[in-house]
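The structure under discussion appears below in the form of structure tokens.
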Amino acid sequence: MYNADKRYVCARPSRRTVTLSGFRGVDPEQKRAALPSDYADFAVGFGFKDGCLVSGPGARYLKGVKPDLTETETPNVPKPAENCRLGIYRTDDKEENYNKIMLMYTNGAAALPTGDFSAWQQYNYFLMSNFNEGINVLDPDGKPVFVLVSTGGEAMCIYTGSTFDVIGSATATVTTICKHSERVFAVMSDDECTVLYSDAFDVYNWDVSLDAGGYITFDRDLGRIRKLVSFADYLYVFCDYGIYRVSTRGDQLSFSVKRLYTACSRIYPETIAEAGDRIIFCAGDGVYSFDGYDVTRISTRLNKYFHVGADGMCAAYCKHKYYLAFRLCEDGWTAGDNNSLAILDLDTGELCISRGFYIFDMETLATGAQNTVIATAKNVEKLMELSPELGSYLEQSLEKEWRVGGVDMGDAGAVKVVCSAEVNTQTPFTLTFTNERGKTRSVSFAAGRSTRRIGICGKTFSVAITTQEEDVLIRPISLTVDFYEGGEHAV
């Protein structure tokens with residue numbers, strides 16, 4: 001039997017030149033023993049572009065872009081020590097650039113007008129224990145207002161731009177809320193199989209009557225109602241294990257409900273994001289696309305990384321890309337909150353992941369001057385802006401590792417000697433080979449074109465590329481390998 005710890009006298013080798021990888025992406029489910037191994041088993045901190053490794057997802061402090069397209073620093077958030085929810089309040093004020101960034105936290109909220117990004121407008125409201133979600137609606141006079149719901153205390157309240165107005169009181173809390181057509185729809189924590197709705201054009205009136213508000217009770221076959229989404233003229237009700245479609249055209253007697261989809265795995269409601277002409281969401285068995293009629297699984301590459309208790313994730317959509325903050329389970333990173341950011345390109349299917357992102361919530365900021373994804377994190381003093389190819393987190397370089405395992409180079413029976421590697425890189429990096437017996441050989445490469453000796457033998461290898469650089473461009477790596485087939489004699 002071959003022993004990697006012994007020396008061998010073998011037949012004359014066959015020398016070959018092979019490419020390590022075409023650097024097309026990461027896919028833990030795609031196992032390829034031969035080279036090139038275009039898809040990594042594991043990759044964090046890297047992006048993939050034109051067959052090269054580039055910088056992966058990153059975050060920086062948000063700079064606001066004013067209507068005249070000039071950039072400005074944004075002020076510190078009022079409650080940096082808290083986990084804060086985000087929302088976008090669509091106003092009718094031109095001086096505010098028709099938008100305010102809403103920050104929701106314990107006993108209050110704050111608004112940052114996007115006209116000048118100069119200062120947070122803070123509103124303390126101690127009847128609310130913690131604001132959890134907000135939506136845009138019109139009040140009975142047609143004025144844009146922002147409805148906020150809380151995890152405790154009053155059921156909900158309305159932010160008018162300067163004051164809070166309470167809507168009723170309840171022992172239960174609102175778990176999800178949505179504005180659709182002329183009504184507001186909500187689910188309460190004491191009955192998560194019933195959708196309540198307000199009077200038409202009157203968010204203040206929730207009385208149950210054919211002339212006012214009402215409710216729709218769903219069967220429990222698909223589990224609890226977790227998210228309400230207004231999309232393509234219908235109200236969609238996302239449950240633990242499926243989706244209903246509700247038509248609310250006409251009066252209440254004309255409302256209708258249809259079950260559209262039954263899921264095989266639990267749907268994660270925090271990951272639901274409207275993406276142009278479709279909705280993207282995650283379930284336990286993949287990332288899905290929903291066009292209002294059909295559900296299609298578009299990626300399974302994140303399945304291995306999801307924690308079994310994946311609640312707490314958050315997502316957003318911007319410029320054909322789906323952003324997802326989640327807790328990556330790999331190398332002992334299993335405890336605590338979200339620790340990673342994945343960005344899925346919906347046009348190409350390309351997936352990039354960076355680890356070390358402690359994101360609590362994210363939202364798409366879309367104004368006439370700016371279109372980007374913003375985020376909050378506990379103990380971060382400012383709002384953050386997420387970027388697909390930044391490679392750093394708040395000016396700190398992120399770990400970057402690309403890794404494949406079980407590589408036999410297409411000849412499982414042969415003993416291979418990896419002689420050398422030829423690279424052409426703009427980024428210093430380290431290339432590491434580990435054989436099936438655990439012996440390791442690491443070689444560091446400087447920027448530029450170079451060839452360096454590797455000198456490790458084995459039948460199978462794991463290969464890793466690591467760097468701490470922020471700006472990355474690593475082109476495909478060419479390996480010179482000697483294959484020894486048969487005639488092995490240990491000495």
Side-chain angles (χ1 to χ4, degrees), residues 23-26 40 42-65 69 71-74 77 86 101 117 273 301-302 305 313-328 333 337-348 350-367 369-402 425-429 447 465-475:
F23 297 134
R24 295 181 60 186
V26 55
F42 177 80
V44 292
F46 285 118
F48 306 90
K49 185 176 182 179
D50 299 329
C52 300
L53 289 178
V54 296
S55 300
R60 55 185 163 232
Y61 292 121
L62 173 68
K63 287 189 176 181
V65 181
L69 302 184
E71 284 191 347
T72 183
E73 299 291 334
T74 56
V77 297
L86 279 169
I101 300 172
F117 295 92
R301 298 182 190 180
L302 285 166
Y305 300 137
M313 296 189 290
C314 58
Y317 167 81
C318 185
K319 299 176 183 176
H320 304 277
K321 290 180 172 58
Y322 177 67
Y323 294 68
L324 177 71
F326 68 103
R327 179 148 52 104
L328 187 150
W333 288 55
D337 302 320
N338 295 331
N339 60 25
S340 301
L341 173 69
I343 299 180
L344 177 64
D345 190 311
L346 299 180
D347 291 335
T348 66
E350 176 189 299
L351 174 69
C352 303
I353 303 170
S354 283
R355 186 162 61 182
F357 279 69
Y358 301 94
I359 294 173
F360 182 72
D361 198 17
M362 66 174 75
E363 187 71 53
T364 302
L365 175 62
T367 70
Q370 192 167 14
N371 188 13
T372 191
V373 176
I374 61 175
T376 60
K378 191 173 182 178
N379 297 321
V380 174
E381 61 185 14
K382 292 177 179 285
L383 292 178
M384 298 183 295
E385 178 183 13
L386 306 183
S387 172
E389 298 180 3
L390 185 60
S392 62
Y393 179 70
L394 304 181
E395 302 179 351
Q396 300 294 319
S397 181
L398 292 164
E399 65 165 323
K400 298 174 179 65
E401 180 180 4
W402 178 96
T425 176
Q426 293 184 14
T427 306
F429 70 92
I465 298 171
T466 56
T467 184
Q468 291 291 328
E469 299 295 318
E470 180 177 341
D471 296 322
V472 174
L473 178 58
I474 300 174
R475 298 182 178 88

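When all heavy atoms are compared, the tightest approach of Leu62 to Ile101 is CD2-CD1, 4.4 Å. Here the closest non-hydrogen pair linking Thr427 and Ala447 is N-CB, 4.3 Å. Nearest heavy atoms, Tyr323 versus Cys318: CE1-O, 4.0 Å. Here the shortest heavy-atom pairing between Leu383 and Val77 reads N-CG1, 3.8 Å. Smallest separation of non-hydrogen atoms from Ser55 and Asp471: OG-CA, 3.5 Å. Minimum heavy-atom separation, Ala342 to Leu351: CB-CD1, 4.1 Å.
Remark: the backbone N or O of Tyr61 is not paired with any side-chain donor or acceptor of Lys63 at under 3.5 angstrom. A donor-acceptor pair is defined here as one N or O able to donate and one able to accept, closer than 3.5 Å; no such pair exists between the side chain of Thr376 and the backbone of Phe360. Side-chain atoms of Lys319 come within 3.5 Å of backbone atoms of Asn371 as a donor-acceptor pair (strictly under, hydrogens ignored). Judged by distance alone, with hydrogens and angles left aside, the side-chain atoms of Ser354 form no donor-acceptor pair with the main-chain N or O of Gly56 at under 3.5 Å. Listed for the Gln370 side chain is a donor-acceptor partner under 3.5 Å among the backbone atoms of Val65. In this structure a side-chain-to-backbone donor-acceptor pair under 3.5 Å is missing from Asp345 to Glu350. A distance-only check finds a donor-acceptor pair linking the side chain of Thr364 to the backbone of Tyr317 [under 3.5 Å].
Rounding to the nearest 0.5 angstrom, the gap separating the CD1 atom in Ile343 from the OH atom in Tyr322 is 12.0 Å. In this structure, CD in Glu401 is found 10.5 Å from CD in Gln468, a value given to the nearest 0.5 Å. For the atom pair CD of Glu363 and CD1 of Ile374, the computed distance is 7.0 Å after rounding to the nearest 0.5 Å. For the atom pair CG (Leu398) and CZ (Phe46), the distance works out to 11.5 Å, reported to the nearest 0.5 Å. Atom CG of Leu341 sits about 9.5 Å away from atom CE of Met384, to the nearest 0.5 Å. Atoms CG and NZ, from Leu386 and Lys321 in turn, are 13.0 Å apart once rounded to the nearest 0.5 Å.
Annotation: side chain of Thr348 is not in contact with side chain of Phe48 (no heavy-atom distance under 4.5 Å). Using a 4.5 Å heavy-atom cutoff, the side chains of Thr466 and Phe429 are not in contact.
With sequence neighbours excluded, the residues forming a side chain to side chain donor-acceptor pair (under 3.5 Å) with Glu470 are Ser392, listed by chain and number. For Tyr393, the ring-ring contact (aromatic ring centres under 6.0 Å, His included) partners two or more places apart in sequence, or in a different chain, are Phe357. The side-chain contact (heavy atoms from CB on, under 4.5 Å) search around Asp50 returns none, not counting sequence neighbours.
Other residues, nucleotides and ligands contribute only 12 or fewer heavy atoms inside 6.0 Å of the CZ atom of Arg24. Annotation: Lys382, atom NZ; neighbour count of heavy atoms from other residues, nucleotides and ligands within 6.0 Å is above 12.
Each of Val44, Leu324, Leu302, Leu328 was compared with Ser340 under the side chain to side chain contact (heavy atoms under 4.5 Å, CB included) criterion, and only Leu328 meets it.
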Working for side-chain contact (heavy atoms from CB on, under 4.5 Å), residues Leu53 and Thr467: CA-CA 11 Å; Leu53 289 178; Thr467 184; over 6 Å; no
